[in-house]
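Quick caveat: nothing in here was measured; it's all calculated off a predicted structure. Atoms considered below: every heavy atom in the structure, side chains included; atoms not considered: hydrogens, waters and symmetry mates.
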Amino acid sequence: MEINLQAVRFDEKGLVPCIVQDAMTREVLTLAYMNGESLVKTVETRETWFWSRSRGELWHKGATSGNTQKVIEMRYDCDQDAVLVLVEPNGPACHKGEETCFHEVVLKDSAVSGEVAGGSGLEILSTLERLIEERQQQMPEGAYTTYLFEEGVDKILKKVGEEAAEVIIAAKNRDKNELTWEAADLMFHLMVLLREQGVRLDEVLAVLEERHTGSK
């Protein structure tokens with residue numbers, strides 16, 4: 001995460017707009033403002049800090065709610081007068097409990113394809129990862145994910161192996177519908193395994209990105 005703080009161009013009030021984006025799903029979470037001090041604190045602590053224009057004070061995102069944002073990367077635009085922060089959110093970004101502050105729909109073309117209307121497609125993986133994490137922390141009675149965590153790594157590994165075998169069988173049978181279902185089951189159990197092992201999905205994606213970049 002490299003950013004030249006001296007190059008950032010603040011406005012006449014000493015502020016710069018900051019767009020916060022989910023590093024994995026690329027969904028825009030919020031628009032806030034930073035001053036010089038909050039920008040430095042964000043870089044130093046690797047969590048987002050802003051300047052509250054209404055309260056006239058520094059604001060550490062999640063200090064009260066616990067919904068902190070781990071900074072993965074920071075950039076500024078071509079004019080250096082706006083900052084983009086890619087984060088790993090620890091809970092909703094909006095004070096209303098929504099994942100993003102931009103949840104109010106003003107205009108939506110009903111003719112838009114499901115791919116565009118539904119988002120990036122990665123959003124469900126981010127949502128699922130958070131749900132699995134919550135299940136591990138809260139262990140609600142009767143939940144299948146709770147059962148897997150209670151049984152431990154051997155049970156989870158067995159399920160990953162079983163689902164992988166089912167994927168192979170479906171593929172050999174050229175059964176597209178069955179392959180889709182089994183692939184979804186495999187991905188779910190693999191994500192449970194990653195959580196049990198303390199590996200985040202974005203760490204896996206980072207390896208894929210590194211391999212892709214290195215292969216060019």
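- With rounding to the nearest 0.5 angstrom, the NZ atom of K70 is 5.0 Å from the CD1 atom of I72.
- Enclosure of atom CE in M187 is not indicated, since only 12 or fewer non-hydrogen atoms of other residues, nucleotides or ligands lie within 6.0 angstrom.
- Summarising the geometry, atom CG belonging to L205 is positioned 13.0 Å from atom CD belonging to E210; distances are rounded to the nearest 0.5 Å.
- Connection of V43 to L58 is not established within any shared hydrophobic cluster, with ILVMFWY side chains joined at heavy-atom distances below 4.5 Å, either directly or through further cluster members.
- Listed by first and then second residue, the side-chain hydrogen bond (donor to acceptor under 3.5 Å, both in side chains) pairs that reach into residues 84-100 are E88-R200, E99-R130, sequence neighbours excluded.
- With a 4.5 Å cut-off on side-chain heavy atoms, V83 and I19 do not count as touching.
- Put simply, the side chain of Y76 reaches to within 4.5 Å of the side chain of V8, judged on heavy atoms.
- Taking K172 as the reference, I168 meet the side-chain contact (heavy atoms from CB on, under 4.5 Å) condition, with sequence neighbours excluded.
- Listed for the D79 side chain is no donor-acceptor partner under 3.5 Å among the backbone atoms of D81.
- In this structure, the separation between CG on N67 and CG on L29 is 11.0 Å, given to the nearest 0.5 Å.
- Going from atom CG of D202 over to atom CG of L208 covers 11.5 Å, rounded to the nearest 0.5 Å.
- Among residues at least two apart or in separate chains, ring-ring contact (aromatic ring centres under 6.0 Å, His included) pairs with a member in residues 36-55 are W49-H60, F50-W59.
- The minimum heavy-atom distance between D22 and S126, with the atom names listed, is OD2-OG, 3.9 Å.
- With sequence neighbours excluded, the residues that form a salt bridge (charged side-chain N to carboxylate O under 4.0 Å, His left out) with K159 are E162, E163.
- For T64, there are no side chain to side chain donor-acceptor pair (under 3.5 Å) partners two or more places apart in sequence or in a different chain.
- Counting only heavy atoms from C-beta outward, the side chains of K61 and V20 never approach each other to under 4.5 Å.
- In the hydrophobic clustering of ILVMFWY residues, with side-chain heavy atoms under 4.5 Å counting as a link, L125 and V167 come out together.
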Donor-acceptor pairs under 3.5 angstrom involving side-chain atoms of residues 143-155: please list them, not counting sequence neighbours.
unit_1	atom_1	unit_2	atom_2	d
Y144	OH	H189	NE2	2.9
T146	OG1	P140	O	2.8
Y147	OH	K155	NZ	3.4

Side-chain donor-acceptor pairs under 3.5 Å in residues 30-37, sequence neighbours left out?
unit_1	atom_1	unit_2	atom_2	d
N35	OD1	E37	N	3.3
N35	OD1	S38	N	2.8
N35	OD1	S38	OG	3.0

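- Take E104 and apply the salt bridge (charged side-chain N to carboxylate O under 4.0 Å, His left out) test, not counting sequence neighbours, and it matches no residue.
- Put simply, L15 and F10 are part of two different groups of oily side chains (I, L, V, M, F, W, Y) that touch within less than 4.5 Å, one to the next.
- Residue C94 comes nearest to C101 through the heavy atom pair CA-SG, 3.8 Å, listed as atom of the first residue, atom of the second, then distance.
- Residues V160 and L179 are members of one and the same hydrophobic cluster, defined by side-chain heavy-atom contacts under 4.5 angstrom among Ile, Leu, Val, Met, Phe, Trp and Tyr.
- Applying the salt bridge (charged side-chain N to carboxylate O under 4.0 Å, His left out) rule to R195 yields the partners E133; only residues at least two apart in sequence or on another chain are considered.
- Between A93 and Q69, the shortest heavy-atom contact is CB-NE2, 4.0 Å.
- Taking the side chain as every heavy atom from C-beta outward, V87 and Q21 never approach each other to under 4.5 Å.
- For the salt bridge (Lys or Arg N to Asp or Glu O under 4.0 Å) condition, the pairs that include at least one residue of residues 48-58, sequence neighbours left out, are R55-E57.
- I156 contributes atom CD1, which lies 10.0 Å from atom CG of L194 (distance to the nearest 0.5 angstrom).
- Between D77 and L84, every side-chain heavy-atom pair lies at or beyond the 4.5 Å cut-off.
- Q80 is not listed as a side-chain neighbour of V16, based on a closest heavy-atom distance of 4.5 Å or more.
- Here the shortest heavy-atom pairing between A23 and L86 reads CB-CB, 4.0 Å.
- The stretch residues 174-183 participates, sequence neighbours left out, in no side-chain hydrogen bond (donor to acceptor under 3.5 Å, both in side chains) pair at all.
- If you chain together ILVMFWY residues whose side-chain heavy atoms come under 4.5 Å of each other, I169 ends up in a group of its own.
- Note that CD of E166 is 8.5 Å distant from CG of D185, once rounded to the nearest 0.5 Å.
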